[in-house]
Structures are given as structure tokens and as C-alpha cells.
Amino acid sequence: PAGAAAAPLPEEDCMKLNPSFVGIALSSLLAIDLWASKRLGVCAGEGSAWGSARPLMKVIEVSGHGIPWLLGTFYGLCQSDSSAAREVLLNLLFALLLDLVMVAVVKGLVKRPRPTHNKMDMFVTISVDKYSFPSGHATRAALVCRFVLRHLVLAVPLRVLVVLWALIVSISRVMLGRHNMTDVLFGLLLGYALYGVVEHCWLSPATAPALFALW
């Protein structure tokens, strides 16, 4: 009838017409993240603003890749003749493997695509590497940085270099167009947290005698 009240809108339409403050804030942050990440992708291609620095950025990329770290740690573990060094290296190997698993799980759950301006020419990728969130390089950089600063005796200049390396690796991910800024920021937080897990589960001859018997 003409005088009848209008039927109420379905709940999902009400949600679209009246988005929550949180929804608006998240959408705005996502838009800013995508815009800023694209502007900062100055080495994403040879024709980019800093395209000539792309080869250097790719060297930095390899320095934070999991394979060189895993192979180097395993080689050191095999060559070490000190029980203290073997304990540290075995725990570093555990940390690196934990990092790979956690990053792969989160990437598989979130499934955020890489930035559209990224060139898929990365060094040794696997299936989940087509996803962007979080940055595995940033996660590894934060984890390795905390581990090295805690368990290696280094002079102050070397400690500063380790921190700078972690920061440069993380920044290079956005400059190369591999990741958005939020991928890198979450990766750094995840790596920082994973180090706490490694410390809590620290492997030693007392807690994991079978592992140490192998070496």
C-alpha cells in the first residue's frame, strides 16, 4: 500500500551504507599504504627513478635471503669444533627454519598479492612467494639482528653495522617494489617476536641431547 512504511534494508546493505569507523580507518590506511609504497618503489624497474641502483638493491636482497643464511649456518655447524659455537649455530638454524615456516603459514593464510609494480625476478622463490604479506626478508633481518646482537661478542661498530644491515634489507623490499610498507613493518615485528620464541625454546645439550649427539 502507498502509506505503508518502507521495508527495512537488508543488514548487509546497511553495513555498506553505514560503514563503521574502524572500516573507514582501515580502508584509508590501506589506500595510503598502497600509494606510499608505489611512490617509494624507486628501484622497481630499470626505468624507475633510481633504476640504476637496482643491481645493488638485488645484492642486498640476496644478503637477506633464507638460502644463503641456511647454507652458511649449516656449513658453520659442520665445521665448528667448539661446543659453545655449535650450540649457538644450532639455535640459529632452528631460528631460520622457524622463520621460514611462520612466514609461509602467514602468507598462505593472508594471500595478499605482490604490489602491481613488482617484477617477479626474485632470487629462488617458492609457491607462497607470490604473496606479499609479510616480508620474509624483513622478518629474517629482525630475527637475525636480535640473535647476533645477543649471542655474538662484537665491537660497537660491528653492532651498528648489523642493525644498519637489517634496516637496509627491510627498506630495500619497498624500494624494489617487492612489498608494501605494511608487509615490511609486520615482518619486522614478527621477526622480533620470533626471537623471543627461540630464546624460550633454546636448544642445549640438556634440553635436546639427541640433536647435539649428531654433531
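- There is a path of hydrophobic side-chain contacts, each under 4.5 Å, that joins Ile168 to Trp50.
- To the nearest 0.5 Å, the span separating CG on Asn118 from NE2 on His179 amounts to 8.0 Å.
- Cation-pi check for Arg146 over Tyr192 is met; the charged atom lies under 6.0 angstrom from the ring centroid and within 45 degrees of its normal.
- With rounding to the nearest 0.5 Å, the separation of CH2 in Trp35 from CG in Leu30 is 14.5 Å.
- From Leu40, atom CG reaches atom CD1 of Ile171 across 9.5 Å, with rounding to the nearest 0.5 Å.
- When all heavy atoms are compared, the tightest approach of Leu188 to Ala142 is O-CB, 3.5 Å.
- Shortest non-hydrogen contact noted between Gly64 and Val169 is CA-CG1, 4.4 Å.
- Leu100 CG to Leu70 CG: the interatomic distance, rounded to the nearest 0.5 Å, is 5.5 Å.
- Residues Ala53 and Cys43 share a closest heavy-atom pair of CB-SG, 4.2 Å.
- A side-chain donor-acceptor contact under 3.5 Å links Asn91 to the backbone of Leu203.
- Each of Leu96, Leu92, Leu98 was evaluated against Val198; a single residue qualifies, Leu98, per the side-chain contact (heavy atoms from CB on, under 4.5 Å) test.
- Under the 3.5 Å distance criterion, the side-chain polar atoms of Ser48 are left unmatched by any main-chain donor or acceptor of Gly51.
- No salt bridge links Asp81 with Arg86; every basic N to acidic carboxylate O contact stays at or beyond 4.0 Å.
- Side-chain atoms of Trp69 come within 3.5 Å of backbone N or O of Ser63 as a donor-acceptor pair.
- Looking at heavy atoms from C-beta onward, Lys38 lies out of side-chain contact with Pro115 at the 4.5 angstrom threshold.
- Leu167 and Leu185 fall into different hydrophobic clusters, where Ile, Leu, Val, Met, Phe, Trp and Tyr residues are linked whenever their side-chain heavy atoms come under 4.5 Å apart, directly or through other members.
- Under a hydrophobic clustering in which Ile, Leu, Val, Met, Phe, Trp and Tyr are joined whenever their side-chain heavy atoms come within less than 4.5 Å, directly or via other members, Leu97 and Tyr195 fall into the same cluster.
- Put simply, the side chain of Arg178 never gets that close to the backbone of Arg173: no donor and acceptor are under 3.5 Å apart.
- No side-chain donor from either of Thr139 and Asp99 sits under 3.5 Å from a side-chain acceptor of the other.
- A donor atom on one side chain and an acceptor atom on the other are found under 3.5 Å apart for Asp33 and Thr182.
- Ser132 places none of its side-chain heavy atoms less than 4.5 Å from the side chain of Pro113.
- Contact check on Arg54 versus Glu61 returns no salt bridge, with no Lys/Arg side-chain nitrogen under 4.0 Å from an Asp/Glu carboxylate oxygen.
- Ring geometry for Trp202 versus His151: interplanar angle under 30°, hence parallel rather than tilted (30 to 60°).
- Interatomic distance, CG of Leu176 versus NE2 of His117, reported as 9.5 Å (0.5 Å rounding).
- No continuous path of hydrophobic side-chain contacts links Met175 to Met181 [ILVMFWY only; heavy atoms under 4.5 Å].
- Side-chain contact between Val144 and Trp165 is present, with at least one heavy-atom pair separated by less than 4.5 Å.
- Hydrophobic clustering of Ile, Leu, Val, Met, Phe, Trp and Tyr side chains at less than 4.5 Å, counting indirect connections, keeps Val105 apart from Phe186.
- Closest heavy-atom contact between Tyr131 and Arg114: O-NE, 3.3 Å.
- Put simply, the side chain of Thr207 gets close to the backbone of Ser204: a donor and an acceptor are under 3.5 Å apart.
- Donor-acceptor pairing under 3.5 Å is lacking for the side chains of His65 and Arg140.
- Interatomic distance, CE of Met57 versus OG of Ser52, reported as 10.0 Å (0.5 Å rounding).
- What you find for Ala138 and Ser135 is that their closest heavy atoms are N-OG, 3.1 Å.
- Residue Lys111 places its NZ atom among 12 or fewer non-hydrogen atoms of other residues, nucleotides or ligands, all under 6.0 Å distant.
- The two residues Ser37 and Asn180 make their nearest non-hydrogen contact at OG-CA, 3.2 Å.
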